[in-house]
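First up is the structure itself, then whatever we jot down about it.
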Amino acid sequence: MTDISSERLEAASAPLQFAYWVPNVSGGLVVSTIEQRTDWSYDYNRKLAVLAENNGFDYALSQVRYIASYGAAYQHESTSFSLALLLATERLKVIAAVHPGLWQPGVLAKFLTTADHLSGGRAAVNVVSGWFKDEFTKLGEPWLEHDERYRRTEEFITYLRRIWTDDHAELKGDFYRLHDFDLKPKPVDLPGRPHPEIFQGGNSTAARALAGRVSDWYFSNGKDFDGLTEQVVDVNTEAALHGRTVKFGLNGFLIGRDSESEARDVLREIVDKADRQAVEGFGSAVRQAGPATSDGKGMWQDSEFADLVQYNDGFRTGLIGTPEQIAERIVAYKTRGVNLFLLGFLHYLEDVEYFGSTILPLVRELEADLTTSGRLESELARNGVLSA
């Protein structure tokens, strides 16, 4: 087995990790008028963060929205909110979503380094290339063509890495420059972590190639098994060309109930009560994402109305049913290369606790059986995770 395949097997053999979408914007995680016992306030989110880290969650991801849009009338800024959650918790790693073009990367690197020290090395970043044109143009910033946004993101991530690790950082790019810059202090020195983890999403060919070249983690929108496998193979193939390995996170909206029919009824009600105007507005805004790419593989390229009710295609992952059904599906995704699940919920406090007490123990049992039986390596090989 090659060194890269060994590294992938080692990553896949580790226990699955779990993150949750921080509800730091109003409207919850579905664009629907169904009751959502979820609040965007800091007090609610502080309570949720403590609950989550005590129920098996490793990460939280603070969303980035700058203006009212598609069911999210109000928004708390992601980096400051993430720092507040870091200071309210003890073990939870908090990922702040940011946009290149709206941040100067050196300023962000300094902010995240400070957050890293204040939290004992728990800060992370999700670099979002951008899909919402109005967030740029209404702030007076240029809206770049699709692949140019990803070129800028690659320079942005390269800049972060360089300033966090080099004593005399240099960069001469098309978007950013560094001239003999020495950031002090550097981020917290932790074993196996040279700097805060860098996450990045996007479904397009440009996004996949970018992840293979420079990112630590690749976030996928909600996907079925085949859709995920295509992305894993593409990212791993690019990463191998550069002698790298990348970890994979998968978005999913989780509806766990004592019976499958109960869970399906909840899903049906969410879609039946969708805020049609908001969902259609969101659909119109993102419709350019696929056609804007040369091969039509952009975000939401094949999303239908029901998919857009959960705006990151979370229903497609299929985490809907009994605890046993959900746990089995989660572990099946592990054999296809998933290292982390990014989860959304309808009623966060109740559903996070239900996940930790009822679903997660089943996941751990299935993972242990997969490993001790020797099936994990063969399944990973069969699904192309080790060979790409």
Side-chain angles (χ1 to χ4, degrees), residues 24 59 61-66 75-87 93-132 135-145 147-190 193-202 206-207 210-211 213-219 242 244 246:
N24 58 303
Y59 297 85
L61 171 60
S62 296
Q63 304 173 64
V64 58
R65 294 270 188 114
Y66 285 96
Q75 322 85 32
H76 286 301
E77 192 276 327
S78 60
T79 59
S80 53
F81 208 76
S82 295
L83 177 56
L85 294 182
L86 284 169
L87 297 179
K93 300 172 187 176
V94 184
I95 312 162
V98 301
H99 282 128
L102 301 182
W103 273 96
Q104 200 284 337
V107 175
L108 177 69
K110 187 70 173 179
F111 177 94
L112 288 171
T113 298
T114 298
D116 205 47
H117 280 268
L118 293 176
S119 63
R122 293 185 286 124
V125 63
N126 181 40
V127 184
V128 182
S129 295
W131 57 266
F132 188 18
E135 285 188 321
F136 287 78
T137 59
K138 290 189 175 183
L139 286 169
E141 297 297 326
W143 177 247
L144 303 183
E145 180 271 329
D147 286 1
E148 285 295 282
R149 296 200 298 275
Y150 279 92
R151 279 210 316 122
R152 178 173 63 187
T153 293
E154 183 161 356
E155 282 192 18
F156 191 93
I157 292 174
T158 300
Y159 190 122
L160 291 179
R161 286 188 179 281
R162 202 155 291 175
I163 199 172
W164 278 333
T165 56
D166 291 1
D167 291 334
H168 301 281
E170 294 279 349
L171 178 68
K172 295 179 181 179
D174 294 331
F175 302 94
Y176 302 111
R177 307 284 193 278
L178 274 170
H179 306 293
D180 190 26
F181 193 87
D182 184 11
L183 177 74
K184 282 191 170 59
K186 293 289 192 280
V188 176
D189 185 10
L190 294 176
R193 194 205 75 152
H195 51 69
E197 292 169 286
I198 299 171
F199 293 74
Q200 168 246 318
L210 166 65
R213 289 193 294 267
V214 298
S215 299
D216 299 318
W217 289 85
Y218 175 80
F219 267 142
H242 300 273
R244 306 183 65 248
V246 179

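Because the structure is predicted, anything quoted here is derived from the model rather than measured.
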Between [X] and [Y], what is the shortest heavy-atom contact and its length?
{"X": "H99", "Y": "V128", "answer": "CD2-O, 3.2 Å"}
{"X": "G201", "Y": "N126", "answer": "N-OD1, 4.1 Å"}
{"X": "D180", "Y": "E170", "answer": "N-OE2, 2.9 Å"}
{"X": "P142", "Y": "F136", "answer": "O-CD2, 3.9 Å"}
{"X": "S215", "Y": "R244", "answer": "O-NH2, 2.8 Å"}
{"X": "D167", "Y": "K186", "answer": "OD1-NZ, 3.7 Å"}

Just how far is it from atom [atom1] of [X] to atom [atom2] of [Y], taken to the nearest 0.5 Å?
{"X": "T158", "Y": "R213", "atom1": "OG1", "atom2": "CZ", "value": "9.0 Å"}
{"X": "H76", "Y": "Q63", "atom1": "NE2", "atom2": "CD", "value": "12.0 Å"}
{"X": "L102", "Y": "E141", "atom1": "CG", "atom2": "CD", "value": "6.0 Å"}
{"X": "Y150", "Y": "F156", "atom1": "OH", "atom2": "CZ", "value": "14.0 Å"}
{"X": "L178", "Y": "H168", "atom1": "CG", "atom2": "NE2", "value": "13.0 Å"}
{"X": "T113", "Y": "L118", "atom1": "OG1", "atom2": "CG", "value": "11.0 Å"}

Any donor-acceptor N/O pair, [X] side chain to [Y] backbone, under 3.5 Å:
{"X": "E135", "Y": "Y66", "value": "yes"}
{"X": "W164", "Y": "P194", "value": "no"}
{"X": "S78", "Y": "A97", "value": "yes"}
{"X": "E154", "Y": "L210", "value": "no"}
{"X": "R122", "Y": "L86", "value": "yes"}

Taking the side chain as C-beta and beyond, is there a heavy-atom pair between P105 and K110 under 4.5 Å? no
**Q.** Any E148 side-chain heavy atom under 4.5 Å of F175 side chain
**A.** yes
By side chain to side chain contact (heavy atoms under 4.5 Å, CB included), E77 pairs with (sequence neighbours left out) T79, S80, W103
Residues passing the side chain to side chain contact (heavy atoms under 4.5 Å, CB included) test with D189, sequence neighbours excluded, are none
Tested for side-chain contact (heavy atoms from CB on, under 4.5 Å) against S82, the lone hit among L61, N24, L112, V94 is V94
Only one of R162, R177, R161 passes side-chain contact (heavy atoms from CB on, under 4.5 Å) with L171, and that residue is R162
Check: Are D216 and R193 within salt-bridge range, i.e. N to O under 4.0 Å?
Finding: no
_R152 and E155 ion-paired at < 4.0 Å_ = no
**Prompt:** Taking the six-membered ring for Trp, are W217 and F199 parallel (under 30°), tilted (30 to 60°) or perpendicular (over 60°)?
**Reply:** parallel
Over 12 non-hydrogen atoms of neighbours within 6.0 angstrom of NZ in K184: yes
